[in-house]
Structure formats: C-alpha cells, structure tokens
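Any value given below was found using the heavy atoms of this structure, including those in side chains, with hydrogens, waters and symmetry copies removed. Naming: A, B, ... by sequence-line order, numbering from 1 per chain.
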Protein chains: 2
Amino acid sequence: MQSNLPHLQSTFTTDCVIFGFHEGELKLLLIERNEYPFKGWWALPGFFVENNETIDDAVKRILYEHTGLRGIYMEQLYTFGDLKRHPQGRIVTVAYYALLRLDDLKSQPEPVTDYARQAVWHPLNNLPELAFDHRHIIDKSISKVRRKISYSPIAFELLPEKFTLTQLQQLYEAIWDRKLDKRNFRKKMLNYNILKELPEFQRGVSYRAARLYKLDKRKYAKVFQNELTFAR
Amino acid sequence: MQSNLPHLQSTFTTDCVIFGFHEGELKLLLIERNEYPFKGWWALPGFFVENNETIDDAVKRILYEHTGLRGIYMEQLYTFGDLKRHPQGRIVTVAYYALLRLDDLKSQPEPVTDYARQAVWHPLNNLPELAFDHRHIIDKSISKVRRKISYSPIAFELLPEKFTLTQLQQLYEAIWDRKLDKRNFRKKMLNYNILKELPEFQRGVSYRAARLYKLDKRKYAKVFQNELTFAR
DNA sequence: TCAAAAGTGTTGTCCGTACACCCATGA
DNA sequence: TCATGGGTGTACGGACAACACTTTTGA
C-alpha cells in the first residue's frame with residue numbers, strides 16, 4: 001500500500017456501451033463531451049462513481065441521465081486499468097453494456113447533465129473517432145454480446161415486446177454480421193418453444209403483414225436455467 | 001463526485017482465484033490472513049493495486065508473491081463494488097482467476113509477504129469459511145471456467161505438459177461435476193486433432209500404463225482462432 | 001492370478017444445413 | 001397487376017449419446 005504518486009483522482013469511473021436496434025441496424029448511444037479532456041469528442045456515456053453508490057447503481061444513474069429510462073438490461077463487461085488510458089492520470093473504468101428497446105424512446109435522448117452536449121444514436125458500422133480507449137471498449141462489448149446471444153436469450157432485450165420473426169432474425173444477423181437462412185432460423189427458434197404466437201399482425205406495411213410474437217416468460221425462464229444453445 | 005464518507009482507502013484491490021488440478025481433484029490456493037480485518041481467516045490472495053502498475057501487473061505480482069511462478073494463464077473475472085463488501089469502507093476489487101500446472105510447484109508455496117501467514121491448496125469441494133465476499137467471487141469464477149472450458153482449450157493450462165487422456169477427462173469431469181463416457185470423450189477429443197500422440201507412457205503405476213499426449217501447438221492455435229465447441 | 005485401469009466400435013437419434021416456391025397484401 | 005416481403009418442407013450428413021468387453025501391467 002504505497003502512495004508515492006500524487007493521485008489526481010482517487011476514485012474511478014464507469015462507462016456504458018448502450019446498444020439499440022432499429023430498422024434492422026444495431027446502434028450505439030454516444031455523447032458529445034462538453035468537458036476536458038476530449039471536449040467536443042464523441043465518447044461513451046460514463047462518469048465518476050460516487051463513494052456511496054455501488055458501481056451497478058452508478059451505471060443505472062448514468063444511463064437514466066442520458067435516456068430517461070430505468071429497468072434496462074445491463075451487465076458488467078470488463079474493467080480497464082491501463083496507466084495511459086486517461087491523459088490526466090491513472091483512472092480505472094468499469095465498463096458495462098446495456099441493451100435497449102429503441103421503441104421505448106419517445107424521442108432523441110436529451111442529456112440532463114452538463115458534461116455532455118448531446119446524446120446521439122450512431123450506427124454500429126459507422127462510428128466516429130472516439131475519446132480515450134472507448135473504441136477498444138466497444139470492440140470488446142461487441143464480442144461479448146456476440147457470444148452471449150448464442151447461449152442466452154438476450155436478443156429479446158433489444159426488440160419491442162411484440163415482434164416479427166423477421167425482426168428477430170435481422171437482429172441475429174446484425175450481431176453476427178452474416179446472413180441466416182429464413183426457414184432454418186424460424187424452425188429452430190420456434191422449436192425452442194419460448195415464443196408465444198399472438199393473434200396480431202404487423203400494421204402499416206404495404207405487403208403481407210407478418211405475425212407478431214412475444215416471449216413466453218415461463219418457458220423463457222426455463223431456458224435461462226438450462227442455458228440452451230441458441231441458433232447459429 | 002462526493003466525499004461525505006471517510007475513505008480509509010482511496011485505491012482499490014485485486015483478488016485472484018488460483019485453480020490447480022492434482023490427483024483428479026480441483027484445488028484453490030488460499031492464504032491465511034495475517035492482517036486485520038479478518039486476521040486468521042482464509043481468503044483469496046489479493047492486495048491493493050499500486051498507482052503505477054496496471055491491474056494485470058498487480059495480479060501477476062500477487063500471484064508471484066504466493067507461488068513464485070510467472071507466465072501463468074490468467075484472466076479478469078469481474079469487478080465487485082458493493083458498499084458493504086469490506087468492513088473498512090467502500091473498497092472495490094477487480095477479481096481474476098488463474099490456472100496453474102500444479103506439478104510446476106516443487107513444494108508448498110511460501111508467501112513472501114507479511115499479510116499472509118501461509119498459503120495452502122484446498123480442495124474445491126471442501127473450502128473453509130472465507131473472508132469478505134470471497135466465497136461469492138469463487139462461485140462466480142467457477143461458473144466462468146465451467147463455461148469457458150466448453151469453447152476454449154484452457155483445460156491444458158491445468159495439466160502437465162505430458163498427460164494421459166484419462167487425466168484430461170478427469171479434469172473436465174471435475175470442472176463440470178459430472179461423469180463423462182470414456183469412449184465418447186476420447187473419440188471427440190482426438191477428433192479435434194489438437195493432441196499429439198507421444199511415444200511415451202506413464203511410469204510407476206501398478207496397472208497398464210497409459211499413453212501420454214501433449215498439445216499440438218500449431219493446431220491448438222487454430223482452435224483458438226475458430227473457437228470450436230469443446231466436448232460436452 | 002488378480003486387481004486396476006487402458007483401450008476400443010457400432011448404432012440410433014437429433015440437430016444443422018442446404019435449398020425454391022407460392023401466398024397475402026397494399027399501392 | 002405488381003412489387004414486396006411472409007410463410008412453408010424435405011433430404012442429407014455430421015455430431016452426440018448410449019452401451020460392454022478385452023487387453024495390459026505390476027504386485
């Protein structure tokens with residue numbers, strides 16, 4: 001236990017990779033920083049963790065401040081502690097990722113804090129240059145989500161409550177970055193028996209309306225217990 | 001950023017779950033604490049991270065201090081930041097796990113630091129009561145290793161360089177906590193084509209000596225790239 | 001010769017994959 | 001009537017699971 005270095009910042013931060021899915025495309029919520037360092041740069045929403053809140057609470061708070069949403073699925077990703085990741089000295093960050101139903105958002109999120117000028121959804125395939133090591137954090141979270149969606153039904157956290165099988169398939173395709181066979185995908189997905197077929201259909205489309213489904217939460221819980229292997 | 005709580009410790013710690021495998025049994029290296037709080041209790045090796053070392057370096061250092069070994073396979077597990085996990089105030093810990101070849105150890109590890117009285121290997125199935133939230137950290141690391149061994153060849157990090165197929169099978173059985181079929185296991189394992197059959201056999205056993213194998217590192221690298229699914 | 005573990009194949013089932021056409025709808 | 005996506009079945013091959021006996025060795 002030494003203290004032979006001056007510590008600029010005795011605490012640590014948390015950063016959150018916020019995924020959304022809209023119109024067949026994965027998106028990330030980024031903020032434009034309003035504070036030095038990296039003022040004016042795009043970055044992950046994140047901030048210092050208070051001394052009287054858990055890290056989990058801090059991420060929830062930060063996410064709320066940027067989206068006005070609570071009760072979002074989120075999970076800790078990794079802790080980054082490189083000595084040079086922050087220009088002002090050694091600041092460790094505990095990174096999380098969150099999966100968000102984009103239709104829950106009535107409008108563009110408005111940051112309620114000073115440290116961000118704006119919060120904007122960016123397509124995952126076309127991200128701007130990012131502050132700190134945030135690009136690295138994002139890459140790591142994509143790997144994690146890509147793996148996790150293979151054995152855990154987290155995909156549904158990104159979809160609206162009622163969704164079509166095509167939407168579900170597009171989501172898997174976006175995360176895995178490859179095309180899947182429609183018939184095989186549907187066969188497999190329905191075989192898991194975790195979807196409930198609704199007596200409702202899409203509206204407002206100029207072609208045959210697709211049937212809507214939602215999660216059958218009883219069976220969904222079983223899948224979580226048994227950790228089935230998901231579609232490939 | 002508040003500071004309305006007295007912080008005893010402005011930094012954070014790292015703890016390491018060290019796995020070993022010997023005589024068909026998984027073991028953990030625990031220390032007996034020589035400092036308050038929890039003086040005299042068993043705990044995971046861990047200590048404060050210095051301000052001029054990365055977290056990765058800190059874990060390596062701590063592991064070296066307890067085993068005299070370097071170059072061990074290790075990976076970050078999770079960061080624990082509950083407000084009440086440490087009786088002296090909010091101390092965040094970044095937990096790692098390490099996989100160790102037990103035959104590398106000439107003798108019992110001797111701690112070279114003051115904060116531990118002794119370091120002892122404990123069978124995973126018979127652990128003493130532990131300090132802090134260390135039991136929780138261990139449970140989480142077991143889940144992680146259990147999953148990871150299914151898609152990544154980390155098992156070999158726990159075995160000696162030359163090993164028998166039975167040893168390999170026993171390791172999987174210990175981690176998954178269930179029996180596997182010998183014929184199916186061998187068939188599958190040899191089909192991955194990552195093992196090199198050696199012209200050597202076990203010695204000193206009072207029954208038919210088993211053939212020794214070692215990793216074929218070329219093919220092993222390929223498996224790491226492609227992330228094959230391992231035996232079930 | 002006995003005890004202990006090594007080593008070895010076949011069969012059935014399930015799962016993943018490849019692949020193409022008709023249907024329903026709104027414009 | 002056309003354009004657009006919705007919806008459907010079959011056949012093959014590979015992987016997994018179940019299952020029991022003979023061989024080798026040292027004591």
Side-chain angles (χ1 to χ4, degrees), chain A residues 22-25 149-151 153 159-160 162-174 176-214 223 226-232, chain B residues 22-25 149-151 153 159-160 162-174 176-214 223 226-232:
Chain A
H22 194 50
E23 291 172 351
E25 202 178 32
I149 205 175
S150 303
Y151 63 85
L159 291 175
K162 303 173 181 181
F163 51 85
T164 69
L165 289 179
T166 298
Q167 285 176 316
L168 185 58
Q169 180 177 342
Q170 284 171 341
L171 174 53
Y172 274 86
E173 288 178 339
W176 284 338
D177 198 20
R178 64 187 169 101
K179 288 286 168 200
L180 299 173
D181 180 88
K182 184 162 57 159
R183 279 174 294 191
N184 292 338
F185 181 82
R186 285 162 182 247
K187 198 194 323 168
K188 201 189 295 189
M189 209 37 94
L190 292 174
N191 265 353
Y192 291 134
N193 250 322
I194 60 170
L195 298 184
K196 183 178 278 176
E197 186 180 297
L198 298 176
E200 295 175 61
F201 294 83
Q202 263 182 327
R203 288 163 167 269
V205 290
S206 72
Y207 45 82
R208 178 172 174 182
R211 181 177 289 278
L212 294 175
Y213 291 81
K214 67 173 190 180
V223 170
N226 302 347
E227 285 201 350
L228 291 185
T229 304
F230 258 75
R232 262 270 135 176
Chain B
H22 194 51
E23 292 174 350
E25 202 178 32
I149 206 175
S150 303
Y151 63 85
L159 290 176
K162 303 174 181 182
F163 51 84
T164 69
L165 290 179
T166 298
Q167 284 176 315
L168 184 59
Q169 179 177 343
Q170 284 171 341
L171 175 52
Y172 274 86
E173 288 177 338
W176 285 338
D177 197 20
R178 64 189 168 100
K179 288 286 168 201
L180 299 173
D181 180 87
K182 183 162 57 158
R183 279 174 292 188
N184 292 338
F185 181 83
R186 286 162 180 247
K187 199 191 322 166
K188 201 188 297 187
M189 208 38 94
L190 292 174
N191 267 352
Y192 292 134
N193 250 322
I194 60 171
L195 298 185
K196 183 178 278 176
E197 186 180 297
L198 297 176
E200 296 174 59
F201 294 82
Q202 266 182 324
R203 288 163 167 271
V205 290
S206 72
Y207 45 80
R208 177 173 175 183
R211 180 177 289 279
L212 294 175
Y213 292 81
K214 69 173 188 180
V223 169
N226 302 347
E227 285 203 349
L228 289 187
T229 304
F230 258 76
R232 262 268 136 176

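- When distances are taken from the side chain of B:Arg208 to each of D:dT24, D:dT4, D:dG7, the shortest belongs to D:dT24.
- Rounded to an integer number of Å, the gap from CD of B:Gln169 to P of C:dG7 is 12 Å.
- Under a 4.0 Å N-O distance rule, the pair A:Lys162/A:Glu200 qualifies as a salt bridge.
- For the pair B:Thr164 and A:Tyr207, both in contact range of DNA chain C, the more 5′-proximal nearest nucleotide belongs to B:Thr164.
- Of the listed nucleotides (D:dG7, C:dG9, C:dC19), C:dC19 has the atom at the smallest distance from the side chain of A:Arg183.
- Backbone-only contact: B:Arg211 has heavy atoms under 4.0 Å from sugar-phosphate atoms and none from a base.
- For the pair B:Leu195/B:Phe163, a side-chain contact is recorded, criterion being any heavy-atom separation below 4.5 Å from C-beta on.
- Put simply, the side chain of A:Asp181 and the base of C:dC19 share a donor and an acceptor less than 3.5 Å apart.
- No hydrogens or angles were tested; on distance alone, a donor-acceptor pair under 3.5 Å links the side chain of A:Lys187 to the base of C:dT17.
- In this structure, CZ of B:Arg178 is placed 9 Å from P of D:dA18, rounded to the nearest angstrom.
- A residue-by-residue look at B:Asn191 and B:Lys182 shows that B:Asn191 has its nearest nucleotide of DNA chain D further toward the 5' end.
- Regarding B:Leu190, its CG atom lies at a distance of 11 Å from the C1' atom of C:dG7, rounded to whole Å.
- Look at CZ on A:Arg203: it is 11 Å from P on C:dG26, rounded to the nearest Å.
- Taking only side-chain nitrogens and oxygens, B:Thr166 comes nearer than 4.0 Å to OP1 or OP2 of C:dA6.
- Across the protein-nucleic acid pair, A:Phe185 atom CZ and C:dG16 atom P stand 12 Å apart, rounded to whole Å.
- At whole-Å resolution of the value, CZ in A:Phe201 and P in C:dG26 are 12 Å apart.
- Between the side chain of B:Asn184 and the base of D:dA18, at least one donor-acceptor pair of N or O atoms lies under 3.5 Å.
- In this structure, the side chains of A:Met189 and A:Leu168 come closer than 4.5 Å at one or more pairs of heavy atoms.
- Look at CG on B:Leu212: it is 13 Å from C1' on C:dA6, rounded to the nearest Å.
- For C:dG16, the base has no donor-acceptor partner in the side chain of A:Lys188 [N/O atoms by modelled type, under 3.5 angstrom].
- Taking the ring centroids of B:Phe185 and B:Tyr172, they lie under the 6.0 Å cut-off.
- Atom-to-atom, CD of B:Gln202 to C1' of C:dA4 comes out at 12 Å; the value is rounded to the nearest Å.
- With salt bridges taken as basic N to acidic carboxylate O contacts below 4.0 Å, none links B:Arg178 and B:Glu173.
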